[in-house]
Amino acid sequence: RGALLYGPPGTGKTQLARVLAHEYKAVMIHVSAADLESMYVGETEKMIKGLFNLASMIAPSIIFIDEADALFRKRGAEDRTWERSRLNELLNQQDGLTAAKMPPFLLLATNHPNDMDDAVMRRVPARLHIGLPTSAAREKIFSIFLQEETIEPDLKLKELAARTASFTGSDIKTICTQAALISQHELDKSEKSSETRVLTRAHFDAAFARTGPTVSSSALQQIRDFAKKFDPSATLKMDRLDAIPMPPKQQLGTNFAYHSRSSMGTIWG
Ligand SMILES: Nc1ncnc2c1ncn2[C@@H]1O[C@H](COP(=O)(O)OP(=O)(O)OP(=O)(O)O)[C@@H](O)[C@H]1O
Ligand SMILES: [Mg+2]
């Protein structure tokens, strides 16, 4: 009936939801909580109701609510009634679905699972932790993003994977984009600008100097705390992965977290 994808930002939760819909040959209705948030009081409930109606008509279907914590935060005494009513609308809709022949599957994604309301959590019994990629996974991710690039022969993807402990898939994408741009920039300045660019170790060194891992250890700790309570089997894998030491800050430059996520595709300096 429902599942929760949780993990640090940039680990591919949104992408995975798309792949799941494709694999299961289901129509996915993708809504970002931010879109619903911006609506007028009362509109969000109507939208949620409409979502479920539509999804029921086009079964098999998946309702995917991205960044779900923004919409379904824990209910506290200080909550405004309209925030409560949108939560209730979701819960009502979900509970009303049991009668449907092929009820839509509710898929939620969040970077802040601790903030999610307990009543919502009960509706999504399956939890899937999407964590930082292992070294083998990072090597694979590099191979995807460098598919169309020419790499200098003695630079191996294994080496790049070893240098990116605690990077997310999204961080690796940034590194590849940066290295390609630096290489292209160099080529454009040279006499040989009509040749195809080759990515060298020096280009990656320069990319690493500009951008680093974006997930903080406190963010990882919060996710671990959540898993301990709600998804204990996932913590074993986290212990193995998070044991990797974070590279020292001075290696990463200042404000790296801010820069590397916001300036994809630009070269500084
Ligand atoms: N495991 C991965 N394999 C391949 N690409 C990845 C992976 N993780 C992230 N990426 C790349 O990073 C991009 C951003 O990932 P995505 O938006 O799916 O992450 P997210 O977990 O939803 O992050 P956020 O919480 O910030 O929304 C993807 O479009 C993809 O290109
Ligand atoms: Mg996302």
Side-chain angles (χ1 to χ4, degrees), residues 7-19 22 30 32 34 66-67 109 111 130-220 241-242 244-269:
T11 48
K13 294 180 293 299
T14 305
Q15 186 141 326
L16 178 65
R18 287 194 202 106
V19 173
H22 184 76
H30 179 166
S32 160
D66 210 353
E67 290 141 50
N111 303 333
I130 313 296
L132 296 175
T134 60
S135 167
R138 295 196 299 272
E139 193 177 329
K140 202 77 168 274
I141 296 170
F142 269 111
S143 79
I144 294 168
F145 291 127
L146 297 174
Q147 219 166 14
E148 322 238 290
E149 299 290 341
T150 309
I151 314 292
E152 81 171 312
D154 73 327
L155 177 61
K156 302 287 181 254
L157 298 188
K158 233 182 197 45
E159 175 187 331
L160 294 175
R163 287 179 74 175
T164 43
S166 71
F167 280 59
T168 64
S170 177
D171 296 338
I172 291 175
K173 187 179 185 177
T174 307
I175 287 288
C176 293
T177 308
Q178 288 287 344
L181 284 168
I182 294 163
S183 169
Q184 188 63 45
H185 188 64
E186 203 177 277
L187 192 64
D188 290 346
K189 277 195 308 192
S190 74
E191 314 283 79
K192 306 169 282 186
S193 56
S194 58
E195 289 179 13
T196 47
R197 66 183 177 222
V198 176
L199 273 54
T200 65
R201 184 175 285 105
H203 297 140
F204 279 97
D205 286 345
F208 279 117
R210 285 169 185 184
T211 172
T214 52
V215 179
S216 68
S217 43
S218 74
L220 288 177
L241 254 178
D242 299 349
I244 298 160
M246 295 279 271
K249 275 241 161 68
Q250 62 268 29
Q251 238 171 285
L252 304 170
T254 49
N255 269 343
F256 66 89
Y258 174 72
H259 278 137
S260 58
R261 278 191 78 80
S262 63
S263 55
M264 290 258 282
T266 58
I267 297 188
W268 312 301

- Query: Using 4.0 Å as the upper bound for N to carboxylate O, is an ion pair formed by D205 and R163?
  - Reply: yes

- Would you say R201 and D154 make side-chain contact, with heavy atoms under 4.5 Å? yes

- Query: Below 4.0 angstrom, N of the basic side chain to O of the carboxylate: do K156 and E139 qualify?
  - Reply: no

- Query: With a 4.5 Å heavy-atom cut-off, do T200 and L155 have their side chains touching?
  - Reply: no

- Item | Minimum side-chain heavy-atom gap T211-D171 below 4.5 Å | no

- Message: Check whether R138 reaches the backbone of P133 with its side chain - one donor and one acceptor, N or O, closer than 3.5 Å.
- Response: yes

- Side chains of T164 and F142: closer than 4.5 Å at any heavy-atom pair? yes

- Item | Residue pair L160 / F208, side-chain heavy-atom distance below 4.5 Å | yes

- Message: Determine whether L157 and L146 satisfy the following criterion, side chain to side chain contact (heavy atoms under 4.5 Å, CB included), listing intermediate values before the conclusion.
- Response: CA-CA 9 Å; L157 298 188; L146 297 174; 3.8 Å; yes

- Message: S183 and side-chain contact (heavy atoms from CB on, under 4.5 Å): which single residue from E152, E149, Q178, H203 fits?
- Response: H203

- Message: Under a 3.5 Å distance rule, please check whether K140 uses its side chain to pair with a backbone N or O of S135 as donor and acceptor.
- Response: no

- Message: Hydrogens and angles aside, do S32 and D66 bring a side-chain donor and acceptor to less than 3.5 Å of each other?
- Response: no

- Locate the shortest heavy-atom distance separating T168 from P9; write the atom from each residue and the value. CG2-O, 3.5 Å

